[in-house]
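Encoded as structure tokens, the structure appears first; notes follow it.
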Amino acid sequence: MSTDPAAPVSRSQRKERTRAAILDTALTLCEEEPLAALSLRAIAKEVGIVPTAFYRHFESIEDLGLALVDLSMRTLREALREIRQACTDIDDPITLSIDTLIANLKSHPRIYGFVVKERVAGPPRVRQAMSHGLDLVTRELATDLARLPRCRAWSTDDLNALAALLVEQALSAATALLPGTADPALPSRLLSQSRMLLVGAQNWESA
């Protein structure tokens with residue numbers, strides 16, 4: 001593939017760039033108002049396209065929201081992979097997990113802000129897709145927890161319950177990092193909460 005910036009851009013490349021620009025613009029606008037309140041005309045204006053061009057990429061604002069959910073869940077799964085890779089064969093995986101999570105939250109504030117807000121206030125199909133996506137993320141985390149020595153004998157239900165608690169904790173951290181609500185004490189508090197959860201988990205007698 002040519003790396004010359006002056007090289008001609010194909011139609012498919014232009015379409016993909018426009019789609020990415022629409023998603024990026026929608027995430028930015030969602031920082032100020034909910035997805036349901038967005039106007040496709042406002043999005044088109046920010047992107048620099050005519051309103052009818054929006055429909056070449058998304059059927060509706062709700063359809064755009066579903067694409068944002070997919071993008072958000074990919075980001076969450078990537079965060080889990082980063083934590084899993086970072087915590088291999090170290091003495092204190094909790095501290096490193098928290099550091100990796102905080103870095104990921106700060107790297108993708110709009111993504112996590114979108115998840116926090118739209119999971120409860122988004123259009124019905126978006127909320128449903130968000131719930132399903134978070135369930136898949138939780139199950140992936142439960143699979144990671146099952147590899148821990150003290151969790152290997154746990155039931156699937158108990159692993160999923162602990163994973164759900166940790167996911168909710170991460171989303172609470174994301175809420176604390178939203179613009180205007182940044183909490184400088186968050187890292188130390190999150191570390192303490194995680195230790196509390198996992199100390200309790202170590203003494204849990206799984207059914």
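This structure is a prediction, so every number in the text was calculated from the model and none was measured. Position 1 is the first residue of the sequence, and the numbers go up from there. Quick note: numbers below take in every heavy atom, side chains included, and nothing from hydrogens, waters or symmetry partners.
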**Request:** Report yes or no: does Lys117 contribute a side-chain atom to a donor-acceptor pair with the main-chain N or O of Glu31 at less than 3.5 Å?
**Result:**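 Checking the backbone N and O of Glu31 against the side chain of Lys117, a donor-acceptor pair under 3.5 Å is found.
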Rounded to the nearest 0.5 Å, what separates atom [atom1] in [X] from atom [atom2] in [Y]?
X: Leu66; Y: Ile61; atom1: CG; atom2: CD1; result: 11.5 Å
X: Glu140; Y: Asp135; atom1: CD; atom2: CG; result: 12.0 Å
X: Thr100; Y: Arg81; atom1: OG1; atom2: CZ; result: 14.0 Å
X: Thr138; Y: Leu80; atom1: OG1; atom2: CG; result: 9.0 Å

Any side-chain heavy atom of [X] within less than 4.5 Å of one from [Y]?
X: Leu145; Y: Trp154; answer: no
X: Val120; Y: Arg127; answer: no
X: Leu64; Y: Phe54; answer: yes

Distance-only check: which donor-acceptor pairs under 3.5 Å involve side-chain atoms of residues 106-114, not counting sequence neighbours?
from: Ser107; atom 1: OG; to: Ala103; atom 2: O; distance (Å): 2.8
from: Arg110; atom 1: NH1; to: Asp24; atom 2: O; distance (Å): 3.1
from: Arg110; atom 1: NH1; to: Asp24; atom 2: OD1; distance (Å): 3.1
from: Arg110; atom 1: NH1; to: Thr28; atom 2: OG1; distance (Å): 2.6
from: Arg110; atom 1: NH2; to: Asp24; atom 2: OD1; distance (Å): 2.6
from: Tyr112; atom 1: OH; to: Asn104; atom 2: OD1; distance (Å): 2.4

Residue pair [X] / [Y]: nearest heavy atoms and the distance that separates them:
X: Ala67; Y: Arg19; answer: CB-NH2, 3.8 Å
X: Glu118; Y: Pro123; answer: OE1-CD, 4.1 Å
X: Ile22; Y: His57; answer: CD1-CD2, 3.9 Å
X: Arg77; Y: Val137; answer: CG-CG2, 4.0 Å
X: Gly133; Y: Met73; answer: C-SD, 3.4 Å
X: Ala142; Y: Ala163; answer: N-CB, 3.7 Å

**Request:** Flag the pair Arg74 and Asp70 as a salt bridge only when some basic side-chain nitrogen lies within less than 4.0 angstrom of an acidic carboxylate oxygen.
**Result:** no
**Message:** Could you check whether atom CZ of Arg189 has more than 12 heavy atoms from other residues, nucleotides or ligands sitting under 6.0 Å from it?
**Reply:**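 Above 12, so yes.
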**Item:** CD/Gln128: more than 12 non-hydrogen atoms of other groups inside 6.0 Å
**Value:**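 Not buried by this count: 12 neighbours or fewer within 6.0 Å.
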Would you mind writing out the side-chain donor-acceptor pairs for residues 164-172 within the sub-3.5 Å range, not counting sequence neighbours?
from: Glu168; atom 1: OE1; to: Arg119; atom 2: NH1; distance (Å): 3.3
from: Glu168; atom 1: OE2; to: Arg119; atom 2: NH2; distance (Å): 2.8
from: Gln169; atom 1: OE1; to: Ser194; atom 2: OG; distance (Å): 3.4
from: Gln169; atom 1: NE2; to: Leu190; atom 2: O; distance (Å): 3.4
from: Gln169; atom 1: NE2; to: Ser194; atom 2: OG; distance (Å): 3.2
from: Ser172; atom 1: OG; to: Glu168; atom 2: O; distance (Å): 3.0

**Message:** Please determine whether residues Tyr55 and Leu23 belong to a single hydrophobic cluster, defined as Ile, Leu, Val, Met, Phe, Trp and Tyr linked transitively by side-chain heavy-atom distances below 4.5 Å.
**Reply:**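 Tyr55 clusters together with Leu23.
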**Request:** Identify whether Leu134 and Leu136 are in the same connected component of the hydrophobic contact network (ILVMFWY, side-chain heavy atoms under 4.5 Å).
**Result:** no
Identify every side-chain donor-acceptor pair in residues 34-49 under 3.5 Å, counting partners at least two apart or on other chains, and give the distances.
from: Ser39; atom 1: OG; to: Arg41; atom 2: N; distance (Å): 3.1
from: Ser39; atom 1: OG; to: Ala42; atom 2: N; distance (Å): 3.4

